[in-house]
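These notes are about the structure you will find just below.
Numbers here simply count residues along the sequence, with the first being 1.
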Amino acid sequence: MKKNHIDFESRFWSGRSTPSPVSVLELFFEFHDLAEAKERLNLIVQYAVQGNMQIPEESSVVFHFHHSLRSLIRAGWCLRKKSGKWIGEAASKQSSPLMYGSLSEEEYRDPALVFYKASKEYRTEQLEDFLSDIVYFSLGTFNHVPECPIVGPYLHLIKILDAAWLIVERKNRKKDRFQSTPQEVEVQVRQVPHPEPFHANL
């Protein structure tokens, strides 16, 4: 019996299909900068929960982001059992907490844990439905706001973005046979600030 494979649907936003979840991560960051992706997700959530204002972004940009992040969610689900594959250096005690982004120290060292934790709390379909809901409500004006939970899925998606970026970075360093010192890693991550949290009565 043939194994069922997840269709990442990367062809819809990148023009390329790939059966590899890691390749989906790499494709995502060919099109999106990490800081901009986190800020765009934050902005979409803000406008979705406000209800009475439409996001100023072009709808085509928002839909492209939706499709690509949906592929990233599916890729993360496929990588949820790959803990230990992309282990990084433990940070020194002198390192700033900002270097972790949204991740805990444990998640920063082993980013695949982020996908595992997300899968324990939400099914892939639930995260995709959340993403579709906030995109829908951000693109129009409504008298009501999304009824789905907001904070939990949002925080998981921010962590998924940070973890995916770390995996791509570590894969590239391994490929180039280059090992960054903890100080070099800190400089890289500090360039990707965590977005300001959205302010709304959720």
4.5 Å side-chain heavy-atom contact, [X] and [Y]:
X      : Y      : answer
Asn172 : Glu26  : yes
Leu103 : Leu113 : no
Val22  : Leu79  : yes
Phe130 : Ile150 : yes
Cys78  : Phe8   : yes
Gln54  : Tyr47  : no

Just how far is it from atom [atom1] of [X] to atom [atom2] of [Y], taken to the nearest 0.5 Å?
X      : Y      : atom1 : atom2 : result
Met53  : Gln46  : CE    : CD    : 10.5 Å
Glu128 : Thr124 : CD    : OG1   : 6.5 Å
Ile73  : Glu125 : CD1   : CD    : 10.5 Å
Leu25  : Glu169 : CG    : CD    : 11.5 Å
Leu157 : Leu69  : CG    : CG    : 5.5 Å
Glu36  : Lys38  : CD    : NZ    : 12.5 Å

For [X], ring-ring contact (aromatic ring centres under 6.0 Å, His included) partners two or more places apart:
X      : answer
Phe63  : none
Tyr116 : none
Trp77  : none

Self-check item: Non-neighbouring partners of Ser83 that pass side chain to side chain donor-acceptor pair (under 3.5 Å), sequence neighbours left out
Solution: Asp110
Practice problem: Can you sort out the partners of Ser10 under side chain to side chain donor-acceptor pair (under 3.5 Å), two or more places apart, ordered by chain and number? | Solution: none
Exercise. Scan for salt bridge (charged side-chain N to carboxylate O under 4.0 Å, His left out) pairs involving residues 45-62, sequence neighbours excluded, and state none if there are none.
Key: Arg40-Glu57
Residue list, side chain to side chain contact (heavy atoms under 4.5 Å, CB included) with [X], at least two apart or on another chain:
X      : answer
Asp7   : Glu9, Arg11
Glu30  : Arg16, Leu27
Val145 : none
Ala37  : Phe28, His32, Phe65, Leu161

Following the transitive rule for hydrophobic clusters with a side-chain heavy-atom cut-off under 4.5 Å over Ile, Leu, Val, Met, Phe, Trp and Tyr, establish whether [X] and [Y] coincide in one cluster.
X      : Y      : result
Leu139 : Phe142 : no
Phe12  : Val24  : no
Val61  : Phe137 : no

Judged by atom type as modelled, is there a donor-acceptor pair below 3.5 Å linking the side chain of [X] to the main-chain atoms of [Y]?
X      : Y      : result
Gln126 : Arg123 : yes
Asp162 : Gly101 : no
Ser71  : His67  : yes

Quiz item: Once the angle between the rings of His64 and Phe31 is folded into 0 to 90°, is it parallel (under 30°), tilted (30 to 60°) or perpendicular (over 60°)?
Solution: tilted
Self-check item: Pairs satisfying side chain to side chain donor-acceptor pair (under 3.5 Å), at least one member in residues 132-147, at least two apart
Solution: His66-Ser132
Quiz item: Excluding sequence neighbours, so at least two apart, what forms salt bridge (charged side-chain N to carboxylate O under 4.0 Å, His left out) with Glu107?
Solution: Lys117, Lys159
Quiz item: Can a donor-acceptor pair be found between the side chains of Tyr154 and Asn42 at a distance below 3.5 Å?
Solution: yes
Quiz item: If you take all heavy atoms of Ala163 and Pro111, which pair is closest and at what distance?
Solution: CB-O, 3.5 Å
Quiz item: Minimum heavy-atom separation for Tyr122 to Pro153, with atom names?
Solution: OH-CD, 3.3 Å
